[in-house]
Amino acid sequence: MKKFIAIVAALMTFAVVASAQPRAIGIRAGYGGELSYQHSLGAANFLEVDAGWWANGINVAAAYDFSVAPVGPFNFYAGPAADVWMWSAENESGLGAGVGAQLGLEYIFSFPLQISLDWRPMFNIIPATGFGWNSIALGLRYAF
């Protein structure tokens with residue numbers, strides 16, 4: 001698990017150093033917590049990559065979001081998402097994966113700070129199929 005966290009940290013660091021486009025880094029807090037990185041892909045789209053932890057495991061999620069309705073400092077966004085996680089409980093452990101969407105609303109302050117509220121429903125594929133509806137989170141990111 002330590003290697004997994006080190007690889008995720010290295011990938012996020014490389015993404016920050018490798019590009020000169022607008023980006024943001026911060027946290028996303030809901031059921032658990034996530035380190036969150038956003039990278040602009042033009043005027044209206046962005047990629048979000050999150051590495052998180054919760055009571056019994058860790059996860060890595062990614063979403064490709066489209067700005068649906070930017071109005072002043074507000075931005076409503078939506079797009080496809082994927083999630084991979086590992087968990088460990090008393091008598092079992094495993095790996096899971098799912099695909100879904102991310103829907104959110106963010107407010108961009110006049111200084112380099114973003115606050116967002118988003119929902120990431122997922123259709124779990126591994127280890128069993130089913131829907132995960134409970135991933136609502138509040139994000140706080142420093143934009144640079």
Side-chain angles (χ1 to χ4, degrees), residues 1-70 73-109 112-144:
M1 189 174 306
K2 289 180 184 179
K3 288 181 184 179
F4 177 77
I5 293 171
I7 290 170
V8 169
L11 288 173
M12 290 180 75
T13 302
F14 176 76
V16 169
V17 172
S19 177
Q21 295 183 11
R23 52 205 179 265
I25 191 163
I27 59 169
R28 185 176 175 270
Y31 176 68
E34 294 179 339
L35 296 175
S36 181
Y37 173 74
Q38 287 182 348
H39 185 85
S40 176
L41 299 173
N45 305 336
F46 63 91
L47 177 66
E48 181 176 333
V49 179
D50 303 319
W53 64 95
W54 34 279
N56 296 327
I58 59 174
N59 73 300
V60 175
Y64 183 84
D65 291 318
F66 304 92
S67 292
V68 177
F74 289 97
N75 181 31
F76 176 71
Y77 55 89
D83 195 8
V84 176
W85 63 91
M86 293 177 11
W87 83 91
S88 178
E90 292 178 14
N91 296 328
E92 64 180 351
S93 63
L95 178 69
V99 294
Q102 179 166 291
L103 308 166
L105 176 68
E106 69 181 356
Y107 182 83
I108 302 168
F109 291 95
L113 183 66
Q114 299 174 349
I115 188 166
S116 65
L117 182 63
D118 60 46
W119 178 45
R120 193 183 294 151
M122 300 300 275
F123 179 73
N124 301 325
I125 300 169
I126 300 170
T129 59
F131 284 99
W133 299 97
N134 62 345
S135 58
I136 295 174
L138 180 67
L140 189 63
R141 295 178 192 87
Y142 170 74
F144 57 102

Leu140 and Leu113, any side-chain heavy atoms less than 4.5 Å apart:
yes
Apply the test side-chain contact (heavy atoms from CB on, under 4.5 Å) to residues Asp65 and Gln38: give CA-CA distance (whole Å), side-chain angles for both, the deciding distance (0.1 Å), then the verdict.
CA-CA 10 Å; Asp65 291 318; Gln38 287 182 348; 5.7 Å; no
Measuring from atom CG of Asp50 to atom CZ of Arg120, what distance do you get when rounded to the nearest 0.5 angstrom?
4.5 Å
Quick check: do Trp85 and Asn124 have side-chain heavy atoms less than 4.5 Å from each other?
yes
Decide yes or no for Asn59 and Glu34: does some side-chain heavy atom of the first lie under 4.5 Å from some side-chain heavy atom of the second?
yes
State, with a plain yes or no, whether a side-chain heavy atom of Leu41 is found less than 4.5 Å away from one of Phe46.
no
Answer yes or no: is there a side-chain heavy-atom contact under 4.5 Å between Val84 and Leu95?
yes
Is the side chain of Trp119 donor-acceptor paired with the backbone N or O of Trp133 at a distance under 3.5 Å, no angle test?
yes
Do Asp118 and Leu105 touch side chain to side chain, with heavy atoms closer than 4.5 Å?
no
Would a distance-only check, ignoring hydrogens and angles, find a side-chain to backbone donor-acceptor pair under 3.5 Å from Ser40 to Pro22?
no
Tell me whether Glu48 is salt-bridged to Arg23, with the criterion being a basic N under 4.0 Å from an acidic carboxylate O.
no
When rounded to the nearest 0.5 angstrom, what distance separates OG in Ser116 from CZ in Arg28?
7.5 Å
